[in-house]
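Okay, structure first, notes after.
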Amino acid sequence: MSAAAEVRATIRRWLAAHSRLDVPLRDDTPILELRVIDSLKLLELVLLVEELTGKPVSVEQLVPRSFRDVDAICATFFGGAGENARDR
Amino acid sequence: VIADVTTHLPGLAWLPDGQSSLSGALLAARRSLDRLFARWGQNLGAAEHALPPCLAREAMAKCGYLESFPHLATLATPLAGGASALLSPAACYHFYVQLRDSHFDAPALRTACATCFRREERYEPLRRQWAFSMREIVCIGTADEVREFLAAMRARVSEWCTAIDLPIDWRHATDPFFSTERNPRYLAQRLTPLKHEAVFDGTLALGSANFHQDFFGETFGIGRAGAPAYSACIAFGLERWLYAFAARFGSTIERWPLDGAAQWS
């Protein structure tokens with residue numbers, strides 16, 4: 001598995017483990033809009049991204065779409081969408 | 001340098017500690033604006049309330065206000081002893097506190113105008129005051145009901161501003177948290193479009209549309225359709241609207257486009 005695909009898989013597993021919803025999640029499920037995680041968990045997700053990138057996340061540079069879904073997180077912080085990248 | 005529009009505005013008495021006193025046509029204009037905004041809420045079924053000036057510290061600690069915004073807070077403290085309370089920083093908190101442990105079978109709408117208090121580093125007449133008037137309309141319901149309410153209210157504001165030729169932009173915004181570092185609520189506001197402000201002249205927020213998700217429903221045990229209720233409010237800072245009107249339409253208040261406001265109610 002490529003590094004990008006591993007990152008994607010790690011984020012998927014983390015979300016599945018912490019989801020408040022009883023529905024399967026897709027990579028384009030809007031996790032904040034649908035309240036898949038609450039704001040405390042969002043902070044933990046930011047910490048996970050920092051751990052995976054090895055760099056601090058600059059909150060002031062975040063925009064609403066940065067954490068919209070798994071695809072957006074991968075595109076924003078990992079410079080690409082990994083092996084499941086889709087054209088939109 | 002453009003002279004401040006409030007310098008020669010009749011009916012405005014400014015107290016440098018951040019308070020103003022209004023009279024005459026300026027006071028009438030504030031009342032007209034308040035009546036108009038209130039009617040927008042009443043047309044959707046919002047019941048008018050007259051709110052008390054203070055909120056219990058316990059309730060405001062419970063919803064995180066004192067932790068998130070201690071720098072804005074003003075307490076009312078009896079000198080003779082007894083519990084202090086928070087002077088309203090916004091009208092809508094009263095509704096969530098009063099509706100604690102209620103369950104609704106239909107969306108609940110409320111509206112009120114309250115004198116609100118927020119400490120700031122500096123004050124400017126009508127633009128930034130320690131004490132100011134806020135008209136709010138609140139909706140408590142399901143996620144869809146609350147989103148529909150916010151969309152309808154934002155559309156109403158935009159339509160009216162276009163009709164009177166008062167340019168505003170809706171902008172994504174965040175609340176002025178005391179500390180933004182690793183603050184989950186600030187982070188949520190940065191990353192989710194929860195708060196939008198109606199901005200005049202690129203700098204002055206005349207109002208805001210706030211989507212609280214189910215935060216107050218969960219915090220205060222307010223239910224709708226068997227789950228924690230979602231809520232939203234739209235808030236109008238009335239003195240700021242007066243400032244915008246003075247900047248846009250001049251200091252002759254009689255010429256302000258408020259006569260036709262009734263047709264927009």
Side-chain angles (χ1 to χ4, degrees), chain A residues 7-8 10-12 14-15 17-23 25-79 81, chain B residues 62-65 67-69 141-148 150-151 169-197 208-220 222-232:
Chain A
V7 160
R8 181 179 286 272
T10 305
I11 294 170
R12 277 187 193 141
W14 188 92
L15 280 172
H18 294 98
S19 174
R20 303 162 88 227
L21 305 184
D22 201 14
V23 294
L25 302 176
R26 298 168 11 153
D27 285 0
D28 62 353
T29 302
I31 57 176
L32 302 177
E33 194 182 322
L34 294 185
R35 303 274 280 147
V36 171
I37 54 172
D38 63 19
S39 54
L40 282 173
K41 285 287 173 225
L42 173 58
L43 189 55
E44 289 181 28
L45 180 58
V46 170
L47 297 175
L48 174 69
V49 168
E50 289 185 336
E51 196 180 302
L52 291 171
T53 57
K55 287 186 288 198
V57 168
S58 169
V59 173
E60 293 304 322
Q61 282 171 17
L62 296 177
V63 294
R65 64 181 173 279
S66 310
F67 275 81
R68 183 188 181 277
D69 51 31
V70 174
D71 285 339
I73 296 168
C74 290
T76 305
F77 299 100
F78 302 96
Chain B
K62 188 175 169 67
C63 67
Y65 186 86
E67 193 183 343
S68 290
F69 307 106
T142 63
D144 285 345
E145 287 162 354
V146 164
R147 280 198 191 94
E148 195 179 323
L150 270 185
D169 291 319
W170 284 100
R171 294 187 182 172
H172 175 223
T174 53
D175 282 320
F177 290 93
F178 178 66
S179 170
T180 55
E181 187 71 20
R182 295 292 182 249
N183 181 330
R185 293 180 64 192
Y186 174 71
L187 193 59
Q189 286 194 355
R190 288 280 314 183
L191 292 174
T192 332
L194 299 176
K195 182 181 189 74
H196 291 88
E197 289 177 341
S208 65
N210 304 278
F211 183 50
H212 311 124
Q213 298 178 317
D214 52 2
F215 175 76
F216 288 111
E218 282 195 349
T219 302
F220 291 114
I222 306 167
R224 166 84 184 100
Y230 277 61
S231 63

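Quick note on labels: first sequence line is chain A, next is B, and so on, each numbered from 1.
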Set of ring-ring contact (aromatic ring centres under 6.0 Å, His included) partners for B:Tyr65, sequence neighbours left out: B:Phe69, B:Tyr93
Nearest non-hydrogen partners of B:Leu187 and A:Val46, listed with the distance: CD2-CG2, 3.6 Å
Note each donor-acceptor pair with a separation under 3.5 Å, taking one atom from chain B and one from chain A.
{"residue": "B:Arg182", "atom": "NH2", "partner": "A:Glu50", "partner atom": "OE1", "Å": "3.1"}
{"residue": "B:Arg182", "atom": "NH2", "partner": "A:Glu50", "partner atom": "OE2", "Å": "2.4"}
{"residue": "B:Tyr186", "atom": "OH", "partner": "A:Glu60", "partner atom": "OE1", "Å": "3.0"}
{"residue": "B:Tyr186", "atom": "OH", "partner": "A:Glu60", "partner atom": "OE2", "Å": "2.8"}
{"residue": "B:Arg190", "atom": "NE", "partner": "A:Val59", "partner atom": "O", "Å": "3.4"}
{"residue": "B:Arg190", "atom": "NH2", "partner": "A:Glu60", "partner atom": "O", "Å": "2.6"}
{"residue": "B:Arg190", "atom": "NH2", "partner": "A:Leu62", "partner atom": "O", "Å": "2.6"}
{"residue": "B:Gln213", "atom": "OE1", "partner": "A:Arg35", "partner atom": "NH1", "Å": "3.2"}
{"residue": "B:Asp214", "atom": "OD1", "partner": "A:Arg35", "partner atom": "NE", "Å": "3.3"}
{"residue": "B:Asp214", "atom": "OD1", "partner": "A:Arg35", "partner atom": "NH2", "Å": "2.2"}
{"residue": "B:Glu218", "atom": "OE2", "partner": "A:Arg20", "partner atom": "NH2", "Å": "3.1"}

Check: B:Pro184 and A:Leu43 side chains under 4.5 Å, non-hydrogen atoms: yes
Part of A:Val63 lying under 4.5 Å from any heavy atom of chain B: backbone
